[in-house]
Amino acid sequence: MARFGMAIDTAKCVGCMDCVAACMTENDVPDGFCRDWITEEVRGTFPDTRMEIRSERCNHCDKPPCVYCCPTGASHVQKFGGLVQIDSRLCIGCKACLASCPYDARFIHPEGYADKCTFCVHRVENGLDPACVAVCPTHCMVFGDLDDPNSEIRKRIESRKHHVLLSDAGTRPRIHFLT
Amino acid sequence: MVELTTTRANPMIDPAMHVWGWEIPVYLFLGGLVAGMMVIAGYFLFSGRHRNTNCACHVLPGLGLVLLSVGMFALFLDLEHKPFFWRLYTTFKFQSPMSWGAWILVLVYPALLANFLLRVPSVLRIFVPSLAELSDNLVRRAHFVKWVGAMNMLLGGLLGVYTGILLSSLGARPLWSSALLGPLFLVSGMSAAAAFVHMIARNRDERELLAKADNGFLVSELILIALFLIGLLTAGRVQMDAAGLFLGGPYTAVFWIFVVGLGVVVPLFIQLLAVNHKIVHTPVAPILVLIGGILLRFVIVYAGQLSGWSPA
């Protein structure tokens, strides 16, 4: 069984927000909300500073607190690719999953259920990349099976320095940022 | 130095998470208060005190049913997908404290109802004679009465602990990631219930007993608050930052003055004087305890949402 994840090359990402626009269009994300976003992180003290631009979204964690806290099973781990998904027909809108996510990746859809990035599972099931990956003009994102040693994503991660977000939170996120 | 700039601006999430408003603290307070009432009423049944005609325990089950329903209604108001509320009861999720809570409440209602039936109000006895007959029948069965008392104590304890565990299971909010929130909310609920019964009790012995018990709960609450803060301050960076919300941060004044000072220390002082017969019992201390109890939930729920994980 595949374990899908993403590698994002922060040396290539220019923060153009094409990924954000593609996601909104592909997934019909309502106005005023976003499933992915751009973060700029500046570290150090002038003049010794370093900036990292990242395209961020739900990390589809291996240990997803949002799934553990959900009282109805609406938040669940999908067998296909081990992706963290939400069944809106089961969601009661209690917002425990929003509070449990250290990345604040979820929001409440105007129709009342919790919503977030699905890694465009409807595209992936048909052999396509997620919309954000497909449109990226700098090709900084790679999507694939983290458990396949021959996959492009594994090769990139193994050949480069990389980090995940908030590793101390213990959720084992699946998006790796190459530095 | 780390400076983060994000394009994300999702409602309820940015710039700081604020998913829960007044409904959740009210629900947690009423849940805790009813939990305490169940333990006290259960103890009165178990120890045979219910035989006193003016025992406060006769009022508690009916009142508990009403207050718990008000709390549940507040919880319902908080839900964003209300028509799907019933989905809580189509499954049981072992790892989800909210699922545990939903099913505990299914058991709490019959326990409260059984306790209520042991002494139905006189108005109901007149208008529904069959209920009066059932009540008289039940109260004669000593084993049943004890069993109802024991179940009320057990389920009350579970309900009280659950109100704290609900938050402490959400590790993404460092202020809440303490197992002490369960006992703290249980003791606070017990204290609020003891204060409430102290206020309404017509029996002098009961009033004395509840005031003494409340003093014990208030001292325990102070110890648990101290341990809670020590636990945060001796943990990691994000937990220390979370403790800072009460130690110089935006919730410092309301926490120390209203929750700890006026909600615990001052009523404890007043009730210590009252139980030692230096002053008479008045509703002042119980009212302060009740206000302190609800403010504790507001402060913990609101401040917890301000705490979070950030890059080192």
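First the proteins, then the strands, lettered A, B, ... as listed; each starts at 1. Only a predicted model underlies this, so the values are computations on that prediction, with no experimental measurement involved. No hydrogens, no waters, no symmetry mates; every other heavy atom, side chains included, goes into these values.
Proximity to chain B (any heavy atom under 4.5 Å) is restricted, for A/L166, to the side chain, taken from C-beta onward. Neither the backbone nor the side chain of B/T90 comes within contact range of chain A; no heavy atom of the residue lies under 4.5 Å from a heavy atom of that chain. Looking at B/W86, there are no atoms closer than 4.5 Å to chain A (heavy atoms on both sides), in backbone or side chain. In this structure, the portions of B/M1 lying under 4.5 Å from any heavy atom of chain A include both its backbone and its side chain. Neither the backbone nor the side chain of B/A102 comes within contact range of chain A; no heavy atom of the residue lies under 4.5 Å from a heavy atom of that chain. A/D168 touches chain B through backbone and side chain together, each having a heavy atom under 4.5 Å away. Only the backbone of B/S310 comes within contact range of chain A, judged by heavy atoms closer than 4.5 Å. At a 4.5 Å heavy-atom cutoff, the contact between A/R106 and chain B is made by backbone atoms alone.
When every heavy atom of B/L170 is checked against every heavy atom of A/A96, the shortest pair comes out as CD2-O, 3.8 Å. Contact record, B/R8 with A/Y103: NH1-O, 3.0 Å, taken as the closest heavy-atom pair. Heavy atoms only, all atoms of each residue included: A/P71 and B/T91 are closest at O-CG2, 3.7 Å. Scanning all heavy atoms of the two residues, the minimum distance from B/R173 to A/C101 falls at NH2-O, 3.0 Å. Summarising the geometry of A/L98 relative to B/M17, their closest heavy-atom pair is O-SD, 3.7 Å, with the distance given to 0.1 Å. Closest non-hydrogen pair, B/L79 versus A/I92, comes out as CB-O, 3.5 Å.
Top candidate by heavy-atom pairs under 4.5 Å with chain B, chosen from A/G32, A/S88, A/S100, A/C91, is A/C91. The choice from A/T45, A/D104, A/D36, A/V20 that makes the most heavy-atom pairs within less than 4.5 Å of chain B is A/D104.
In this structure, the side chain of A/K95 does not engage the main chain of B/E80 through any donor-acceptor pair within 3.5 Å. In this structure, the side chain of B/R87 does not engage the main chain of A/A74 through any donor-acceptor pair within 3.5 Å. No donor-acceptor pair under 3.5 Å is formed between the side chain of B/W309 and the backbone N or O of A/S167.
Side-chain contact between A/C94 and B/D78: absent, with no pair of heavy atoms (C-beta onward) separated by less than 4.5 Å. Looking at heavy atoms from C-beta onward, A/T39 lies in side-chain contact with B/L4 at the 4.5 angstrom threshold. With a 4.5 Å cut-off on side-chain heavy atoms, A/F33 and B/P11 count as touching. Within the 4.5 Å cutoff, the side chain of B/T6 has no heavy atoms near those of the A/E56 side chain.
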